[in-house]
Amino acid sequence: MAEGDPLPDDAWVVRGGLPPFRGKPLHSTCNEHPSGYYGFSVQSEVGFTVEQLATECPHKSVGYTTAGEIRKMGYEVRETYGDGRHATVVVPKPWAPKAAEQLAQLFRTAKNPSPKRQP
Amino acid sequence: MNTIYADFNARTEAGHVSLTCAGSQEDIRTRGLQPGDWAWLSDSELIFGAKLAIDDRYGLVGILDWDTLVHLDDDDDRDPMRIQAELRELLEKSARSQEEESRVFQLLTLFEEFSVPAARSAFRPGYFSFQRAGSLLLLGKPELALLEIDDARRLNPGRSNDDQLFLDVLRHVDLARATREAEALAARPNAPADVLAECVNVLATHADSLPDDQFEPAGRRILEWADRFERAPGRERVRASTLARLLFNKGLVLLRLGDVTAANRVIELVVAIDPILSEIEEATRLTVYDKHTRDLAARIRARPTAA
């Protein structure tokens with residue numbers, strides 16, 4: 001996979017934190033990634049399990065779903081550079097808070113078996 | 001603890017956290033933070049101390065200090081009664097390891113987060129910030145300690161212990177500013193003894209780097225403050241380590257001013273007051289103020305007063 005490529009439907013998508021991420025709603029965590037995509041950060045890579053992707057997150061809990069489920073809601077998941085297996089869930093700019101809340105509901109909760117530690 | 005929002009999922013290849021999302025930008029604007037500043041970052045599940053910087057590709061980022069990570073998302077660390085019991089046990093220890101000091105810092109933060117307001121109100125305003133500042137200084141995080149002691153002084157102005165720790169922290173972060181603040185605090189007619197002792201420590205640290213022809217006025221001022229210390233409010237309550245440090249500084253000034261007999265007499269008192277400072281024994285035999293003496297003084301002053 002190369003920078004900017006869309007992740008296939010069966011790729012797991014993991015975001016550190018407890019879904020549905022009420023501490024800070026997803027729409028206010030969006031930014032313009034240097035690769036040009038606007039959206040929020042996740043960990044995703046073909047062939048990686050949820051547990052493997054979660055180890056890149058320092059949180060004790062993570063939210064997970066698949067690229068396919070995100071795509072069904074009308075969004076794209078693209079590989080973008082960053083720490084670990086960084087990817088971006090690409091959303092429209094501006095993104096309505098209600099739409100962000102709906103997407104957040106898609107993420108299921110998992111305990112992080114091995115939160116990222118001091119590099 | 002004042003935090004700014006950060007999305008810890010948005011990390012650069014170097015592991016820094018991007019601070020360009022709307023949530024972060026709003027907080028940063030409100031607080032007037034700039035690259036080079038230190039801040040507490042949080043997403044309400046994690047807290048990290050971080051230094052703000054500009055990354056050529058990502059723009060504003062936070063360089064995380066992982067030693068200061070606090071997990072607010074750990075189910076095992078949410079019971080305020082357990083947190084308080086563990087904290088009390090650690091605070092009652094006369095000396096703590098680095099790991100224990102780190103845990104003290106975490107527990108203070110967890111208790112503040114998870115205890116009910118009635119439980120927190122049993123502590124004076126600024127208590128948690130003050131304690132965190134002391135722990136952070138002992139952990140070698142003076143810039144983050146400064147954030148906390150600034151908070152403590154804002155929440156409870158005029159408390160001498162806060163002013164003393166403020167000067168100690170600032171001495172490690174910005175000696176020039178610490179010297180100005182020490183001058184201002186010592187200028188107060190009723191400056192408490194513990195604050196004057198720290199003013200002496202700051203000015204003595206500053207004076208150390210002055211050439212001989214500029215030292216005398218600073219030295220005389222240190223001796224004047226040391227004399228005021230003896231008559232200052234709260235003199236009878238100062239800790240042995242504070243008194244020892246004051247006399248050590250006074251002794252070194254006398255030595256540099258050429259009064260070797262008086263210097264040795266004063267430093268011998270330090271040995272009797274606080275033998276924990278192992279280097280002091282050596283200081284009683286000093287006869288000249290040379291590089292060796294300077295190095296010895298630097299070693300002793302490098303220790304936080306809170307230690």
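Remember, predicted model here, so these are calculated numbers, not experimental data. Here is the naming used below: chain letters follow the sequence lines, and residue numbers restart at 1 for every chain.
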Taking donor and acceptor roles from the modelled atom types, list the N and O pairs under 3.5 Å across chain B and chain A.
from	atom 1	to	atom 2	distance (Å)
B:Asp7	OD1	A:Arg15	NH2	3.3
B:Asp7	OD2	A:Arg15	NH1	3.2
B:Asp7	OD2	A:Arg15	NH2	3.4
B:Asn9	OD1	A:Gly16	N	2.6
B:Asn9	ND2	A:Gly16	O	3.1
B:Arg11	O	A:Asp83	N	2.9
B:Arg11	NE	A:Asp83	OD2	2.9
B:Arg11	NH1	A:Glu56	O	3.4
B:Arg11	NH2	A:Glu56	O	2.6
B:Arg11	NH2	A:Asp83	OD2	3.1
B:Thr12	O	A:Asp83	N	3.4
B:Ser18	OG	A:Asn31	ND2	3.2
B:Thr20	OG1	A:Asn31	ND2	3.0
B:Gly23	N	A:Ser28	O	3.0
B:Asp43	OD2	A:His59	NE2	2.6
B:Glu45	OE1	A:Leu18	N	3.1
B:Glu45	OE2	A:Leu18	N	2.9
B:Arg57	NE	A:Tyr81	OH	3.4
B:Tyr58	OH	A:Tyr81	O	3.3
B:Asp73	OD2	A:Lys60	N	2.7
B:Asp74	OD2	A:Lys60	NZ	3.2
B:Asp75	OD2	A:Lys111	NZ	3.0

Heavy-atom pairs under 4.5 Å with chain B - which of A:Cys30, A:Gly82, A:Pro115 has more of them than the others?
A:Gly82

Please identify, among B:Leu64, B:Leu46, B:Leu72, the residue contributing the most non-hydrogen atom pairs under 4.5 Å to chain A.
B:Leu46

Does CZ belonging to B:Arg96 count more than 12 external heavy atoms closer than 6.0 Å?
yes

